[in-house]
Amino acid sequence: MLSRINKCSPLLSRISARPFHSSLQRPFSSTLIRQQKDDDESDPVKGRANELIEAVLYGSKKIKEIENQTHSKMLARGKYVHELQTHHVKPEKIEEYIKLVSTHFPLIANDPLNSVNLCGSWMIDIGKLDTFVHIWEYKGYPGHKQTVDKLNKDPAFIQFQRELRPLLISRENSMMLEFSFWQTSPPLVTNGIFELRKYNLKPGRLLEWETEWRKGLECRRQFCEPVGAWFTQLGDLNTVYHMWTYPDLQTRKRTREDAWNTEGWSETVYKTVRLVDNMNSYILRPLDFSPLR
């Protein structure tokens, strides 16, 4: 192996030609190790050569540092935490449910003592019918704790929960972080439809998905602006959501066709679809009080 390395690098050839047998006959003392380090620092060429050998034998230090970072530090903006709530409502209780949340959700969002904003509230028109989606934005996990603690002591919120539960078949939530390259849209009136796409990734593939999707997003931006994109930290793990808005379904169809004709988009789809276990698309209709509508 050394003969192959020597042929590729004259620098490594000179290093490998030095005698090692004397130093390997006994363990290195701390004095010898410090002296070796000092020698390497004073000789940049020798120090660089040792870095190359260490990278070959033990792996790159930079890559190890990246791998040791959490996904949230590498991928997220870090300023906000988002909660996605999903309520599956009894069909005969739809009107009662809409009236109830239309009264109480704006009260929660507009209370200055709560550390939360309501991004939007929607009803699913295509997908899981009789289902409502709400996205809340907290000022980090401290803001989430402060808001939840306050609401759990609020008599009006406790009464709201009592009235809400009989209307539901089921409900679930997930805590999410924004991707650093895709800030959630502020309140916006489009008078259009919204599409929420959900991707359940293969475990351990989030970093790879983000890398490829970041490139492909620029292809889509040419035709429509995204609303937001998040990855889960609690709840349904290894899951990515992103949301778009269109004037109507025909515009959505044309926009997606235009993206497929743009250089780079097909490659993005090819590289990301193999990272996904399953995916879903939901067409949403905003409720009247939704900040995004």
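Here the structure is a predicted model, which means the values were calculated and not measured.
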Notebook entry, point to check: Between Phe105 and Trp136, what is the ring plane arrangement, given parallel below 30°, perpendicular above 60°, and tilted in between?
Noted result: perpendicular
Next item on the list: Take the angle between the ring planes of His242 and Trp244 and call it parallel below 30°, perpendicular above 60°, tilted in between.
Entry: perpendicular
Note to self: For a salt bridge (charged side-chain N to carboxylate O under 4.0 Å, His left out) check, start with the C-alpha distance between Asp130 and Lys93, then their side-chain angles and the critical distance, and finish with the verdict.
What the structure shows: CA-CA 9 Å; Asp130 306 321; Lys93 299 291 186 179; over 6 Å; no
Checklist line | Heavy-atom donor-acceptor pair, Lys150 side chain to Ser115 backbone, under 3.5 Å | finding: no
Margin query: Before you tell me yes or no, could you show the steps for Phe231 and Phe179 under ring pair (Phe, Tyr, Trp, His ring centres under 6.0 Å), namely the whole-Å CA-CA distance, both residues' side-chain angles and the distance that decides it to 0.1 Å?
Written below: CA-CA 7 Å; Phe231 61 95; Phe179 283 103; 5.1 Å; yes
Notebook entry, point to check: Glu83 and Asn173: side-chain donor and acceptor closer than 3.5 Å?
Noted result: yes
Notebook entry, point to check: Any link between Leu196 and Met176 through a network of hydrophobic side chains (Ile, Leu, Val, Met, Phe, Trp, Tyr) touching at under 4.5 Å?
Noted result: yes
Note to self: In the structure I gave you, are the side-chain heavy atoms of Val116 and Lys139 within less than 4.5 Å of one another anywhere?
What the structure shows: no
Margin query: Could you measure the distance from the OG1 atom of Thr232 to the CG atom of Leu201? Nearest 0.5 Å is fine.
Written below: 8.5 Å
Next item on the list: Output the distance between atom CZ (Phe194) and atom OG (Ser290), rounded to the nearest 0.5 Å.
Entry: 6.5 Å
Next item on the list: Flag the pair Leu164 / Leu100 as yes when at least one side-chain heavy-atom distance between them is below 4.5 Å, and no otherwise.
Entry: yes
Item checked: Trp122 and Leu292: CA distance, side-chain angles, deciding distance, side chain to side chain contact (heavy atoms under 4.5 Å, CB included) verdict -> CA-CA 9 Å; Trp122 301 267; Leu292 281 168; 4.0 Å; yes
Notebook entry, point to check: Is there a path from Val273 to Trp213 through hydrophobic residues (I, L, V, M, F, W, Y) whose side chains come within less than 4.5 Å of each other?
Noted result: yes
Note to self: Could you walk me through whether Lys99 and Glu95 satisfy the salt bridge (charged side-chain N to carboxylate O under 4.0 Å, His left out) test, starting with their C-alpha distance in whole Å, then the side-chain angles of each, then the deciding distance to 0.1 Å, before giving a yes or no?
What the structure shows: CA-CA 6 Å; Lys99 182 179 179 180; Glu95 291 76 16; over 6 Å; no
Check: Do the side-chain N and O atoms of Thr184 and Trp230 include a donor-acceptor pair separated by under 3.5 angstrom?
Finding: yes
Margin query: Measuring from atom CG of Asn114 to atom CG of Asp149, what distance do you get when rounded to the nearest 0.5 angstrom?
Written below: 11.0 Å
Next item on the list: Can you sort out the partners of Tyr241 under ring pair (Phe, Tyr, Trp, His ring centres under 6.0 Å), two or more places apart, ordered by chain and number?
Entry: none
Margin query: Just checking Lys145: does its NZ atom have more than 12 heavy atoms from other residues, nucleotides or ligands closer to it than 6.0 angstrom?
Written below: no
Notebook entry, point to check: Testing Asp236, Asn280, Thr239 for side-chain hydrogen bond (donor to acceptor under 3.5 Å, both in side chains) with Lys198, which one passes?
Noted result: Asp236
Check: In Å and rounded to the nearest 0.5 Å, what is the CZ to CZ distance from Arg165 to Phe160?
Finding: 10.0 Å
Margin query: Which heavy atom of Asp277 sits nearest to which heavy atom of Pro203, and what is that distance?
Written below: OD2-CD, 4.4 Å
Check: Without hydrogens or angle criteria, can the side chains of Glu195 and Ser281 be said to hold a donor-acceptor pair below 3.5 Å?
Finding: yes
Check: Are the side chains of Glu210 and Leu207 in touch, meaning some heavy atoms are under 4.5 Å apart?
Finding: no
Check: Distance from Leu177 atom CG to Gln233 atom CD, nearest 0.5 Å?
Finding: 4.0 Å
Next item on the list: Run the numbers on Phe157 and His104 for side chain to side chain contact (heavy atoms under 4.5 Å, CB included), then give the verdict.
Entry: CA-CA 8 Å; Phe157 181 75; His104 286 276; over 6 Å; no
Check: Would the number of heavy atoms belonging to other residues, nucleotides or ligands and lying under 6.0 Å from OH of Tyr270 be above 12?
Finding: no
Notebook entry, point to check: Honestly curious: do Leu206 and Met279 fall in one hydrophobic cluster under the side-chain, below-4.5 Å linking rule?
Noted result: yes
Checklist line | Value rounded to 0.5 Å, distance of CD in Glu212 from CG in Leu275 | finding: 7.5 Å
Check: How close do Pro286 and Gly192 get, heavy atom to heavy atom, and via which atoms?
Finding: CD-O, 4.0 Å
Check: Can you hop from Val89 to Ile135 via hydrophobic side chains spaced under 4.5 Å?
Finding: no
Check: Are Phe289 and Pro106 close enough that some pair of their side-chain heavy atoms sits under 4.5 Å apart?
Finding: yes
Item checked: Any side-chain heavy-atom pair of Ile124 and Val133 under 4.5 Å -> yes
Margin query: Please identify which of these residues, His87, His134, Arg293, meets the side-chain hydrogen bond (donor to acceptor under 3.5 Å, both in side chains) condition with Ser121.
Written below: His134
Notebook entry, point to check: So, Gln146 side chain and Leu113 main chain: donor-acceptor pair closer than 3.5 Å or not?
Noted result: yes
Next item on the list: Could you tell me whether the side chain of Val101 reaches within less than 4.5 Å of the side chain of Leu287, counting heavy atoms only?
Entry: yes
Checklist line | Within the 6.0 Å centroid threshold, strictly below: Phe132 and Tyr97 | finding: yes
Note to self: side chain to side chain contact (heavy atoms under 4.5 Å, CB included), that's the test. Do Arg197 and Tyr199 meet it? Break it down for me.
What the structure shows: CA-CA 7 Å; Arg197 298 182 70 87; Tyr199 296 81; 2.9 Å; yes
Next item on the list: State, yes or no, whether a side-chain contact exists between Gln183 and Glu178 at a heavy-atom distance under 4.5 Å.
Entry: yes
Next item on the list: Report yes or no: do Met243 and Tyr246 belong to one cluster of Ile/Leu/Val/Met/Phe/Trp/Tyr joined by side chain heavy-atom distances under 4.5 Å?
Entry: no
Margin query: Is it true that, when you exclude Lys202 itself, more than 12 heavy atoms of the residues, nucleotides or ligands shown sit nearer than 6.0 Å to its NZ?
Written below: yes
Checklist line | Stepwise salt bridge (charged side-chain N to carboxylate O under 4.0 Å, His left out) check, Glu208 with Arg205 | finding: CA-CA 5 Å; Glu208 189 175 353; Arg205 310 309 292 270; 2.8 Å; yes
Notebook entry, point to check: Can you name the closest pair of heavy atoms from Pro291 and Cys119 and give their distance?
Noted result: CB-O, 3.7 Å
Margin query: Quick one, Ser180 with Arg214, criterion side chain to side chain contact (heavy atoms under 4.5 Å, CB included). Give me CA distance, side-chain angles, the key distance, then yes/no.
Written below: CA-CA 10 Å; Ser180 60; Arg214 181 194 292 263; 3.5 Å; yes
Check: Mind checking whether Thr272 and Val276 have side chains closer than 4.5 Å, heavy atoms only?
Finding: no
Notebook entry, point to check: At their closest point, which heavy atom of Asn238 faces which heavy atom of Gly204, and how far apart are they?
Noted result: OD1-N, 4.2 Å
Next item on the list: Return yes if a side-chain donor-acceptor contact under 3.5 Å exists between Asp248 and Thr251, otherwise no.
Entry: yes
